[in-house]
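Just so we're clear, the structure is a prediction, and the values are computed from it rather than from any experiment.
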2 protein chains.
Amino acid sequence: MLGLKLRELRESNGLVQRQIAAQLEVDTAYISKVENEEKPISKIHISKLAQIFKIPEKELLKMWLADKIYELIIDEENPLDVLKSVQRQIVQNTINQDNKKMAI
Amino acid sequence: MLGLKLRELRESNGLVQRQIAAQLEVDTAYISKVENEEKPISKIHISKLAQIFKIPEKELLKMWLADKIYELIIDEENPLDVLKSVQRQIVQNTINQDNKKMAI
DNA sequence: TTACATTTGACCATTGAAGTACAAGTTTTA
DNA sequence: TAAAACTTGTACTTCAATGGTCAAATGTAA
């Protein structure tokens, strides 16, 4: 998913893989594989990519994380279920923390 | 989160760590660390644990996955946001697949 | 006290993923 | 058709996380 997005970003910026590769100082083969989702893009490249494409680093980072999670659960029977339960845990957690603060 | 759950399960079944350790054929120290969330529980033990506690393996597996995801995003600024975007991706994906099927 | 249960810290081997390179092949485009 | 762009397969290294162990310390309950 992120690979595809990166390809779109690159193309809409009128760049070829070689140029991205140069800026990240990696092989063009790596870029190709990333765009074709054969390899994950390394987190350490996110900030430079954000620069190149002139988008907020945070946004790209969020996509990067979402991608990781996606890969983790997509083969499960019921991925949305799992997401829901994580969600519940986080919400519950926040509530507990707030309660603790109130108690002080 | 899962560690705590496992502790609860163990205690509500009236078992001590040594007994769990014996069944999994690991050191009690490992069990202790798992329950205290210092180490993740290995996936390969899930099925045996489900047996021991007499709960569906699927349920435990789901918790295991949820835990992984939780660890992945909990330090982010906006973990719920990330979850939402994964959710969207999955839903979108499902729709696309359905459309493809319809086209056949 | 004694014995059992749990925790802790230090340590270590294994494994799998990440990151990368290179060469050779295929596609695209001028 | 030639050059540029891209893809693909294989292979190598490195690195962090995992999955533990052991011994010693600490807690706890009879």
Side-chain angles (χ1 to χ4, degrees), chain A residues 1-53 60-61 63-76 86, chain B residues 1-53 57 60-61 63-76:
Chain A
M1 305 258 60
L2 183 52
L4 186 64
K5 184 75 187 170
L6 290 175
R7 164 160 290 165
E8 283 167 10
L9 281 167
R10 176 175 62 80
E11 288 177 345
S12 72
N13 280 263
L15 298 168
V16 297
Q17 290 180 351
R18 183 173 35 77
Q19 296 174 294
I20 308 290
Q23 297 228 35
L24 302 187
E25 301 181 80
V26 298
D27 197 305
T28 67
Y30 178 52
I31 303 300
S32 170
K33 283 169 188 168
V34 165
E35 290 188 356
N36 289 292
E37 324 248 336
E38 282 160 49
K39 298 267 183 179
I41 182 73
S42 168
K43 198 177 184 181
I44 65 168
H45 293 136
I46 292 297
S47 97
K48 189 150 286 182
L49 286 171
Q51 273 180 236
I52 298 174
F53 300 139
L60 211 48
L61 213 48
M63 288 192 226
W64 182 85
L65 245 188
D67 208 55
K68 287 262 170 251
I69 295 176
Y70 183 88
E71 295 300 326
L72 209 53
I73 59 174
I74 197 53
D75 291 331
E76 285 308 303
V86 180
Chain B
M1 303 257 61
L2 183 51
L4 186 64
K5 184 76 188 171
L6 290 175
R7 164 160 290 166
E8 283 166 11
L9 280 167
R10 175 175 63 79
E11 289 177 345
S12 73
N13 279 263
L15 298 168
V16 296
Q17 290 180 351
R18 182 174 35 78
Q19 297 175 291
I20 309 290
Q23 298 227 36
L24 303 188
E25 302 181 80
V26 298
D27 197 302
T28 69
Y30 179 52
I31 304 299
S32 170
K33 281 169 191 172
V34 165
E35 291 188 354
N36 289 293
E37 323 247 337
E38 282 161 48
K39 299 271 180 176
I41 182 73
S42 169
K43 198 177 182 181
I44 65 168
H45 294 135
I46 292 297
S47 97
K48 190 150 285 181
L49 286 171
Q51 274 179 234
I52 298 173
F53 299 139
E57 180 172 344
L60 210 49
L61 214 48
M63 289 190 224
W64 182 85
L65 244 188
D67 208 55
K68 288 264 170 246
I69 295 175
Y70 183 89
E71 296 300 327
L72 208 53
I73 60 172
I74 197 54
D75 291 331
E76 285 306 304

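With sequence neighbours excluded, no residue forms a side-chain contact (heavy atoms from CB on, under 4.5 Å) with B:Ala22. Evaluation of the side-chain contact (heavy atoms from CB on, under 4.5 Å) rule for B:Ser47 yields B:Glu57 as partners, not counting sequence neighbours. Considering only residues two or more places apart in sequence or on other chains, B:Tyr70 meets the side-chain hydrogen bond (donor to acceptor under 3.5 Å, both in side chains) condition with A:Asn93. Applying the side-chain contact (heavy atoms from CB on, under 4.5 Å) rule to A:Leu65 yields the partners B:Leu72, B:Ile73, B:Glu76, B:Val82; only residues at least two apart in sequence or on another chain are considered.
Contact between A:Pro40 and A:Lys68 at its shortest, heavy atoms only, is CB-NZ, 3.9 Å. Closest approach of B:Glu37 and B:Leu2 over heavy atoms only: OE2-N, 3.7 Å. Looking at every heavy atom in both residues, B:Trp64 comes nearest to B:Ile46 through CD1-CD1, 3.8 Å.
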Identify the pairs formed between an N or O of the protein and an N or O of nucleotides 24-30 of chain D at a distance under 3.5 Å, and give each distance.
none

Nucleotide N/O to protein N/O under 3.5 Å, stretch nucleotides 12-19 of chain D:
residue, atom, partner, partner atom, Å
D:dG19, OP1, B:Ser42, OG, 3.0
D:dG19, N7, B:Lys39, NZ, 3.3
D:dG19, O6, B:Lys39, NZ, 3.2

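Residue B:Asn36 places at least one side-chain N or O closer than 4.0 Å to OP1 or OP2 of C:dT7. An OP1 or OP2 oxygen of C:dT6 is reached within less than 4.0 angstrom by no side-chain nitrogen or oxygen of B:Ser32.
In this structure, OG in B:Ser42 is found 5.0 Å from OH in B:Tyr30, a value given to the nearest 0.5 Å. From B:Met1, atom CE reaches atom CD of B:Glu71 across 9.0 Å, with rounding to the nearest 0.5 Å. Expressed to the nearest 0.5 Å, how far OG1 of A:Thr28 lies from CZ of A:Arg18 amounts to 9.0 Å. Note that CD1 of A:Ile20 is 4.0 Å distant from CZ of A:Phe53, once rounded to the nearest 0.5 Å.
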Sequence-aligned protein contact record of nucleotides 25-30 of chain C, with B where the base is within under 4.0 Å of a protein heavy atom and S where only the sugar-phosphate is: ------
Table please: side-chain donor-acceptor pairs of residues 4-17 of chain A below 3.5 Å, with sequence neighbours left out.
residue, atom, partner, partner atom, Å
A:Arg7, NE, A:Glu35, OE1, 2.7
A:Arg7, NH2, A:Glu35, OE1, 2.9
A:Arg10, NE, A:Glu35, OE2, 2.6
A:Arg10, NH1, A:Leu15, O, 2.9
A:Arg10, NH2, A:Glu35, OE1, 2.9
A:Ser12, OG, A:Glu8, O, 3.2
A:Ser12, OG, A:Leu9, O, 3.1
A:Asn13, ND2, A:Leu9, O, 2.7
A:Gln17, NE2, A:Glu35, OE1, 3.1

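At whole-Å resolution of the value, CD in A:Glu35 and C1' in D:dA5 are 11 Å apart. Between B:Asp27 atom CG and C:dC12 atom C1' the separation is 14 Å, expressed in whole Å. As rounded to whole Å, 13 Å separates atom P of C:dA18 from atom CD of A:Glu37. Between the CD atom of A:Glu38 and the C1' atom of D:dT7 there is a distance of 8 Å, rounded to whole Å.
Contacts between residues 4-19 of chain A and DNA chain D, counted as heavy-atom distances below 4.0 Å, involve A:Arg7, A:Arg10, A:Val16, A:Gln17, A:Arg18.
The overall bend of the helix from C:dT1-D:dA30 to C:dA30-D:dT1, read as the angle between its terminal helix axes built from five base pairs each, is 40° when rounded to 10 degrees.
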From CA spacing to verdict: side-chain contact (heavy atoms from CB on, under 4.5 Å), A:Ile69, A:Val86: CA-CA 11 Å; A:Ile69 295 176; A:Val86 180; over 6 Å; no
side-chain contact (heavy atoms from CB on, under 4.5 Å) assessment of A:His45 paired with A:Val26: CA-CA 10 Å; A:His45 293 136; A:Val26 298; 3.9 Å; yes
Derivation of the side-chain contact (heavy atoms from CB on, under 4.5 Å) call for B:Leu49 and B:Ile41: CA-CA 10 Å; B:Leu49 286 171; B:Ile41 182 73; 4.1 Å; yes
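Residue pairs meeting the salt bridge (Lys or Arg N to Asp or Glu O under 4.0 Å) criterion with at least one member in residues 22-34 of chain B, sequence neighbours excluded, do not occur.
With hydrogens and angles ignored, a donor-acceptor pair closer than 3.5 Å exists between the side chain of A:Lys33 and the base of D:dG9.
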